[in-house]
Amino acid sequence: MKIAHADVLVTSPGRNFVTLRITTDDGVTGLGDATLNGRELAVVSYLRDHVAPLLVGRDAHQIEDTWQYLYRGAYWRRGPVTMTAIAAVDVALWDIKAKVAGLPLYQLLGGASRTGALAYGHASGFDLEALFDSIREHLALGYRAVRIQTGVPGLDQVYGVATSTGIGQRYDYEPAQPRAYPSEEEWDTRAYLRHLPSVFEAVRNEFGPELPLLHDGHHRMTPIQAAQLGKALEPYDLFWLEDCTPAENPEALRPVRQHTTTPLAIGEIFNSVVDYRTLIGEQLIDYVRSAITHAGGITAMRRLLDFAAQYQIKSGMHGPTDVSPVGMAAALHLDLAIHNFGIQEYMRHSPATLEVFRTSYTFSGGLLHPGNNPGIGVDYDEDAAARFPYEPAYLPVSRLTDGTVHDW
Ligand code: EZ4
Ligand code: CO
């Protein structure tokens, strides 16, 4: 079964998505997500100009060999653009293999280890009232775990907080805005650190001790600030504190770990198992945040999560709306199959997105399931996609109150 062609598809049903479609000589198609938020066309070029021509004529069944060929064969290894492109090829080939086998992909990964994948949603609000409304709305939708993001007194716009006038739906935060330049947001870490524990106290008082609560620090703290926050949040029993420090420096989590028992999650901007060697080997984290889409596909994520399992570290795959329904479906197959599953992030995609991507995954009783269609279970509607042409979009940039560029 040879690869006949590989097409790169770009569409923007509310936000940009890049999809690789591989077609075999006997007409089987597979899809892979290649969406890198705010840098979409770099991956398009990588795939269209440098990868697609190499795929034609290769055996579609040789997933491992193709992965190594693209990784080692490029000489220039790792990096978000490269690993997103490799992931798209890898997922598309797994989709094909499972379709040919007539099985949902999770069956080829060892079969189901659970009935469904516990999902968490994004509750947010500028003040407590709006936040409580958002939490209630998520509970009504069936969520059994929620991430809490809130405004900070003195700041107009804060990461993770939905606005009624923004591009996203009321409570689903969409940070990438279609515009020619990134927007700029003001940030003040001390004001944030003073405010956040009171928010968690109020949420626990209102919603009780049982509901799993998560929070994303989005890379903004120094190690000692992160240690202070982790300690201050201990009474509120977080499921995890995510990305408390910038991602490049794994050693930063040593002091955080020494000072707090709040569980730590990191890795949504990592793209390789290499990024995790210190973090996993020294047991500095509790959850691995990479997405299949950005970390080399199912082949690479399986290896990473098997490594993590040796240290009782679990999965918590990244699942914002910038991971397309193809990337989400791939994640759900792996979530269902692996032993060390932790939780799956799940921001629902917009109705327009779901017109282009016809999914078969389900969300019920707080659990996601990939469905039982052969392959990963997503179809791409090209006519619908054509109605939503590409629009340049950027994530915001963060500045401290004196104008210094900060981590966003
Ligand atoms: O900011 O996906 O945990 N989720 C996140 C996301 C990221 C965006 C960046 O593309 O941190 O909201
Ligand atoms: Co995050």
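Residue numbers count from 1 along this sequence. One-based numbering, in listed order, for ligands and for the atoms of each.
Heavy-atom neighbours of R179 CZ from other residues, nucleotides or ligands within 6.0 Å: above the threshold of 12.
Near P320, with a cut-off below 4.0 Å to any heavy atom, the atoms of ligand 1 are 2 (O). If you number the atoms of ligand 1 from 1 as listed, the ones under 4.0 Å from a heavy atom of R289 come out as 3 (O), 4 (N). Taking every heavy atom of D216 and a limit of under 4.0 angstrom, the matching atoms of ligand 1 come to 3 (O), 4 (N), 5 (C), 11 (O). Near H218, meaning under 4.0 Å from any of its heavy atoms, are these atoms of ligand 1: 1 (O), 5 (C), 7 (C), 11 (O). The N37 neighbourhood of ligand 1 comprises atoms 9 (C), 10 (O), with distances under 4.0 Å to a heavy atom of that residue. Close contacts between ligand 1 and W408 involve ligand atoms 1 (O) [criterion: under 4.0 Å to a heavy atom].
When atom types are taken as modelled, the side chain of Q310 and the backbone of D306 share a donor-acceptor pair closer than 3.5 angstrom. Using modelled atom types, one side-chain atom of T84 and one backbone atom of P80 make a donor-acceptor pair closer than 3.5 Å. Between the side chain of R147 and the backbone N or O of L214 there is no donor-acceptor pair closer than 3.5 Å.
Screening I22, L31, I298 for a side-chain contact (heavy atoms from CB on, under 4.5 Å) with D95, the sole residue that qualifies is L31.
Note on E268: its N/O/S atom closest to the Co ion (ligand 2) is OE1. When the Co ion (ligand 2) is compared with the N/O/S atoms of D216, atom OD2 turns out nearest.
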Derivation of the side-chain contact (heavy atoms from CB on, under 4.5 Å) call for F341 and L334:
CA-CA 9 Å; F341 170 76; L334 194 56; over 6 Å; no
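The Co ion (ligand 2) has an N, O or S atom of E242 closer than 2.8 Å.
If you check each of H122, E268, H219 against atom 11 (O) of ligand 1, the one with the closest non-hydrogen atom is E268.
Figure legend: R78 and F270 shown without cation-pi pairing, the cationic atom not lying both under 6.0 angstrom from the six-membered ring centre and within 45 degrees of its axis. Taking the ring axis of W67 as reference, the NZ or CZ atom of R303 stays within 45° of it and closer than 6.0 Å to the ring centre.
Under a 4.0 angstrom heavy-atom cut-off, M347 registers as lying outside contact with ligand 1.
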